[in-house]
Amino acid sequence: MDTQTRRVVAVTGANRGLGLLTVRALLERGDEVIAHHRTDSTELGALREKFGERLHAVRGDLTEETTAQAVAERAHSLGRLHAVVHNAGIARDQPLVRMPVEDWDEVMRVNLRSAFLVTKHAVRMMMRKRYGRLVYVSSLSAVVGNAGQSAYAASKAGLHGLSQATAQEYARYGIRTVVVAPGFLDTGLTHALPDSVARAKAGRSLLGMGSAESVAATVAFLAGPGADNINATVVHSDGGIAF
């Protein structure tokens, strides 16, 4: 594929889990990927060795505006930014009444403030090109709630509002937004749960524990041209919930 026609997609939280799998899916279909990461990983390094200069790594704390600017500047150096996948996130699970204010604030900073910052700087570039796609990775917790995850669920639900408002503000510039809400996956934050809890949560899905590779493929599709008419909505990737 010609370098001038190749799509450029930025992925945040790209060093592990769903973010890493999304980076791989995008690279395998021929995109150039700007992979934001806060810490290094051998897996991300292996992708760089395999795909070479099509993978552009940007390291930093995305709650700081300078990091969001660095992602946008890397895209500017490539001449374009077709899509952003905002995947970066953390959880500090505790019953609400026992949660320290510091934990609540940290979850909001990482999960929501960073989304605002990366959106702000990506949209500026997309407006000039009159095209762009913003994919926000949320969670089933934001839709149905989850005991012990008040901060996480609230921060992810905030992505839904951000996505909707951004779509309304910038549709005239050809900018589209979408939220992906996965259920319980076989990677990422689910690994922090006790096995019994993970099994019980996965048991609520009609299809059982979700495949992170499958969700990554969905995210990659939504960041591509085939999803250009999907806008201002939430895509549920939870296998269906049993009642």
Side-chain angles (χ1 to χ4, degrees), residues 1-14 19 22-23 25-27 29-38 48 51-89 110-138 158-180 218-235:
M1 184 182 295
D2 183 85
T3 57
Q4 294 305 308
T5 59
R6 186 178 290 143
R7 289 176 70 86
V8 175
V9 183
V11 181
T12 70
T22 300
V23 169
L26 293 167
L27 289 168
R29 79 172 183 198
D31 293 349
E32 284 197 58
V33 179
I34 301 168
H36 157 265
H37 57 107
R38 187 170 181 174
R48 180 58 191 268
F51 293 97
E53 294 183 357
R54 282 204 287 119
L55 178 58
H56 310 266
V58 175
R59 183 174 181 176
D61 181 352
L62 202 59
T63 68
E64 300 296 333
E65 190 162 16
T66 52
T67 301
Q69 288 172 321
V71 172
E73 287 167 3
R74 184 62 60 89
H76 183 74
S77 72
L78 297 171
R80 58 217 184 275
L81 178 60
H82 295 90
V84 169
V85 175
H86 181 65
N87 170 72
V110 174
N111 295 4
L112 198 51
R113 174 186 164 99
S114 64
F116 155 68
L117 291 173
V118 76
T119 299
K120 172 183 175 181
H121 290 282
V123 162
R124 284 176 172 171
M125 185 170 186
M126 291 172 175
M127 287 172 67
R128 292 194 291 271
K129 298 293 184 179
R130 304 194 75 82
Y131 178 87
R133 157 71 68 181
L134 295 152
V135 182
Y136 300 95
V137 178
S138 178
L159 297 179
H160 298 210
L162 175 63
S163 174
Q164 294 285 356
T166 302
Q168 294 291 330
E169 286 185 27
Y170 299 104
R172 66 185 183 275
Y173 294 98
I175 296 172
R176 305 143 170 88
T177 74
V178 65
V179 171
V180 181
T218 299
V219 172
F221 167 74
L222 291 170
D228 273 353
N229 208 41
I230 299 174
N231 189 31
T233 192
V234 179
V235 174

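Note that the coordinates shown come from a computational prediction; the quantities given were computed from them, not determined experimentally.
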Please examine the side chains of [Y] and [X], heavy atoms only from C-beta on, and report whether any two atoms are closer than 4.5 Å.
X: Glu32; Y: Arg80; value: yes
X: Val85; Y: Val137; value: yes
X: Phe221; Y: Ile230; value: yes
X: Leu222; Y: Arg133; value: no
X: Leu27; Y: Arg54; value: yes
X: Leu26; Y: Arg29; value: yes
X: Pro225; Y: Arg7; value: yes

Spell out, as yes or no, whether a donor-acceptor pair under 3.5 Å connects the side chain of [X] to the backbone of [Y].
X: His36; Y: Gly13; result: yes
X: Arg124; Y: Ala72; result: no
X: Arg130; Y: Arg128; result: no
X: Lys129; Y: Gly79; result: yes

Can you confirm whether more than 12 heavy atoms, excluding those of [X], are under 6.0 Å from its [atom1] atom?
X: His76; atom1: NE2; answer: no
X: Arg38; atom1: CZ; answer: no
X: Lys120; atom1: NZ; answer: yes

Pair listing, side chain to side chain donor-acceptor pair (under 3.5 Å) test, anchored in residues 162-174, at least two apart: Ser163-Thr177
Leu134 and Val123: CA distance, side-chain angles, deciding distance, side-chain contact (heavy atoms from CB on, under 4.5 Å) verdict: CA-CA 9 Å; Leu134 295 152; Val123 162; 3.8 Å; yes
Smallest separation among heavy atoms of [X] and [Y], with atom names:
X: His86; Y: Thr12; value: ND1-OG1, 3.1 Å
X: Leu159; Y: Asn111; value: CD2-O, 3.6 Å
X: Thr119; Y: Tyr136; value: OG1-OH, 2.8 Å
X: Val235; Y: Val178; value: CG2-CG2, 3.8 Å
X: Ala223; Y: Ala83; value: O-CB, 3.6 Å
X: Val23; Y: Ala14; value: CG2-CB, 3.6 Å

Candidate list Asp61, Leu62, Thr63, test side-chain contact (heavy atoms from CB on, under 4.5 Å), partner Val110, passing option: Thr63
Residue from Asp31, Val33, Ile34 passing side-chain contact (heavy atoms from CB on, under 4.5 Å) with Leu55: Val33
Donor-acceptor pair between His160 and Ser138 side chains, under 3.5 angstrom: yes
Euclidean distance, Leu81 CG relative to His121 NE2, rounded to 0.5 Å: 13.0 Å
Value rounded to 0.5 Å, distance of OG1 in Thr233 from CZ in Arg176: 14.5 Å
